[in-house]
There are 2 protein chains.
Amino acid sequence: MVSGRPGRPAASVSYPAEDGLSSREALLETALQFFSERGFKGTSIRDIANALEISVSNIYHYFGSKEGLWLAIMEYSVKSLPLRLENSLLAITDPLERLHALVMAHLTVSASQQRELKMIMLDHDRMSAAGVQANLDIQRRVLAIYIRELEALRQGGLISTGNVRILAFNILAVINWQLRWFRPDGPLSAAEVHAEIVKFIFHGLSGK
Amino acid sequence: MVSGRPGRPAASVSYPAEDGLSSREALLETALQFFSERGFKGTSIRDIANALEISVSNIYHYFGSKEGLWLAIMEYSVKSLPLRLENSLLAITDPLERLHALVMAHLTVSASQQRELKMIMLDHDRMSAAGVQANLDIQRRVLAIYIRELEALRQGGLISTGNVRILAFNILAVINWQLRWFRPDGPLSAAEVHAEIVKFIFHGLSGK
DNA sequence: GTCTGAATAGAACGTTCGTTCTAGAAGGCG
DNA sequence: CGCCTTCTAGAACGAACGTTCTATTCAGAC
């Protein structure tokens with residue numbers, strides 16, 4: 001024995017984490033904060049470990065690698081996005097109502113998982129194949145859902161567009177862009193922003 | 001003298017650059033390509049130098065630092081964006097026509113400087129204060145132009161919105177998002193995409 | 001009580017990073 | 001020609017990076 005205090009924390013003081021989080025949970029939470037603010041390349045594992053005042057060994061113990069940590073965050077959150085969007089459509093048949101429900105569900109998830117969704121939007125960092133592939137896969141599946149719903153609208157004569165794909169990108173644009181500029185602690189409420197976005201998607205500048 | 005081939009290239013072969021670009025111009029072009037694809041943090045100066053098969057010393061000779069190279073690209077391109085947008089409005093008085101001209105000008109610049117504008121949109125890389133400040137400054141000035149024009153529309157009773165700021169963000173969303181997904185060499189023409197975007201901004205899903 | 005495995009610390013490794021330093025080659029000018 | 005500035009190469013440096021390794025402590029099973 002040399003010195004220091006390795007091994008489990010002394011039980012009396014809740015050591016590494018704020019609150020009652022386990023080390024693993026604290027790592028996920030802290031990594032999420034850093035990744036969503038500074039991206040994958042912009043965040044070092046020492047940043048994360050130092051913020052929690054623990055050793056970097058913990059990251060390798062729990063997640064194997066830096067990318068494993070990224071994928072673990074994706075796993076418990078963002079990965080479910082396509083399914084959650086599909087679920088919002090289950091009981092609805094009217095095409096316009098379906099799209100409205102889809103957008104609302106998307107905005108709701110955005111509000112509750114702003115940082116997680118920001119992570120997959122910063123795709124210009126290059127992580128190794130598996131990581132970037134997981135990101136792209138989720139984005140593709142979400143895009144496919146929107147295209148499918150818009151195509152139904154178009155065939156029903158409810159919208160007139162030359163290209164549903166461009167339309168889908170435009171809708172995703174306003175939803176995803178909001179992740180960049182909206183501040184939950186700012187002057188605007190999430191409900192207010194969501195209402196404006198929905199209005200813009202369905203009627204553009206001209207309002208309702 | 002040891003070996004190798006330092007000094008100016010042998011005049012017969014146009015050495016470092018493809019085509020007739022000077023070393024400085026070739027560096028700007030190559031750096032632009034890397035920065036727009038992989039961001040500031042994701043691009044190393046050795047990436048850039050190796051792609052041109054020259055030494056990293058050139059970057060320090062011409063630009064002083066990695067960030068100086070970034071700022072030089074901004075200087076000769078993106079920095080003029082706010083002015084170019086203002087110029088598009090000079091002869092127009094009708095508020096709706098002004099906004100239309102603004103959007104068209106913005107899309108035109110986007111088409112000719114897609115990579116440059118992408119650079120300032122990847123703001124999640126953290127470069128030192130001066131660099132990130134220049135980025136934010138440009139984005140703020142563009143936002144201010146849109147807000148000013150939308151406010152004029154609102155006061156003229158031509159649009160009904162609860163918040164022109166959100167509206168401005170929504171318009172910037174579709175314009176900037178297009179930088180991410182549009183591929184000039186893809187199946188869609190720029191004109192086609194621009195027309196759809198304008199239609200979406202002014203009328204949303206419902207089309208014209 | 002002893003053993004085993006999970007959890008943690010801290011040093012160390014090899015690589016890559018941005019940058020600096022030293023020096024050589026070419027061009028312009030007298 | 002000789003001189004000075006510009007341009008270029010390449011080695012080297014210190015810091016930071018992701019990762020590995022070794023060692024230690026605690027909790028629980030027996």
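Values below: every heavy atom of this structure, side chains too, minus hydrogens, waters and symmetry copies. In what follows, every chain begins at residue 1, and chains take the letters A, B, ... in the order their sequences are listed.
As rounded to whole Å, 21 Å separates atom P of C/dG24 from atom CD1 of B/Ile54. With rounding to whole Å, A/Ile59 atom CD1 is found 15 Å from C/dG10 atom P. B/His61 has its NE2 atom 11 Å from the P atom of D/dA9, to the nearest Å. Atom CZ in A/Phe35 sits roughly 12 Å away from atom C1' in D/dG18 (whole-Å rounding). Counting to the nearest Å, the P atom of C/dT8 and the CZ atom of A/Phe63 are 11 Å from each other. For the pair B/Glu53 CD and D/dG10 C1', the interatomic distance rounds to 16 Å; values are reported in whole Å. As rounded to whole Å, 13 Å separates atom P of D/dG18 from atom CH2 of A/Trp70. In this entry the distance linking CZ of B/Arg24 with P of D/dT6 reads 14 Å, nearest Å.
In this structure, the separation between CG on B/Leu143 and CD1 on B/Ile171 is 10.5 Å, given to the nearest 0.5 Å. Interatomic distance, CZ of B/Arg180 versus CE of A/Met121, reported as 7.0 Å (0.5 Å rounding).
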Table of protein N/O atoms under 3.5 Å from nucleotides 16-19 of chain C N/O atoms:
unit_1 : atom_1 : unit_2  : atom_2 : d
C/dG18 : OP1    : B/Thr43 : O      : 3.3
C/dG18 : OP1    : B/Lys66 : NZ     : 2.5
C/dG18 : OP2    : B/Ile45 : N      : 3.0
C/dG18 : N7     : B/Arg46 : NH1    : 2.8
C/dG18 : O6     : B/Arg46 : NH2    : 2.7
C/dT19 : OP2    : B/Tyr60 : OH     : 2.9
C/dT19 : OP2    : B/Lys66 : N      : 2.9
C/dT19 : O5'    : B/Tyr60 : OH     : 3.3
C/dT19 : O4     : B/Arg46 : NH2    : 3.4

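Counting only distance, with no hydrogens or angles, the side chain of B/Ser80 and the backbone of B/Ser77 share a donor-acceptor pair below 3.5 Å. Between the side chain of A/Lys199 and the main chain of A/Leu205, no donor-acceptor pair closer than 3.5 Å is present.
Ring-plane geometry between A/Phe169 and B/Trp181 is classed as parallel, the angle between the planes falling under 30 degrees on a 0 to 90 degree scale with a further cut at 60. Using the six-membered ring where Trp is involved, B/Trp177 and A/Trp177 have ring planes that are perpendicular, over 60° apart on the 30 and 60° scheme.
Heavy-atom neighbours of A/Arg98 CZ from other residues, nucleotides or ligands within 6.0 Å: above the threshold of 12.
The salt bridge (Lys or Arg N to Asp or Glu O under 4.0 Å) contacts involving residues 101-115 of chain B comprise B/Glu29-B/Arg115, where partners must be two or more places apart or lie in separate chains.
A donor and an acceptor atom never sit less than 3.5 Å apart when one is taken from the side chain of A/Ser23 and the other from the base of C/dA7.
Side-chain contact annotation: A/Glu116 with A/Ser36, donor-acceptor N/O pair under 3.5 Å absent.
Nearest nucleotide to the B/Ser57 side chain, out of D/dG10, C/dA9, D/dC7: D/dG10.
Direction of the helix axis in the helix from C/dG1-D/dC30 to C/dG30-D/dC1 shifts by 10° between the two five-pair termini, rounded to 10°.
Between C/dT8 and A/Asn58, a contact under 4.0 Å exists linking OP1 or OP2 to a side-chain N or O.
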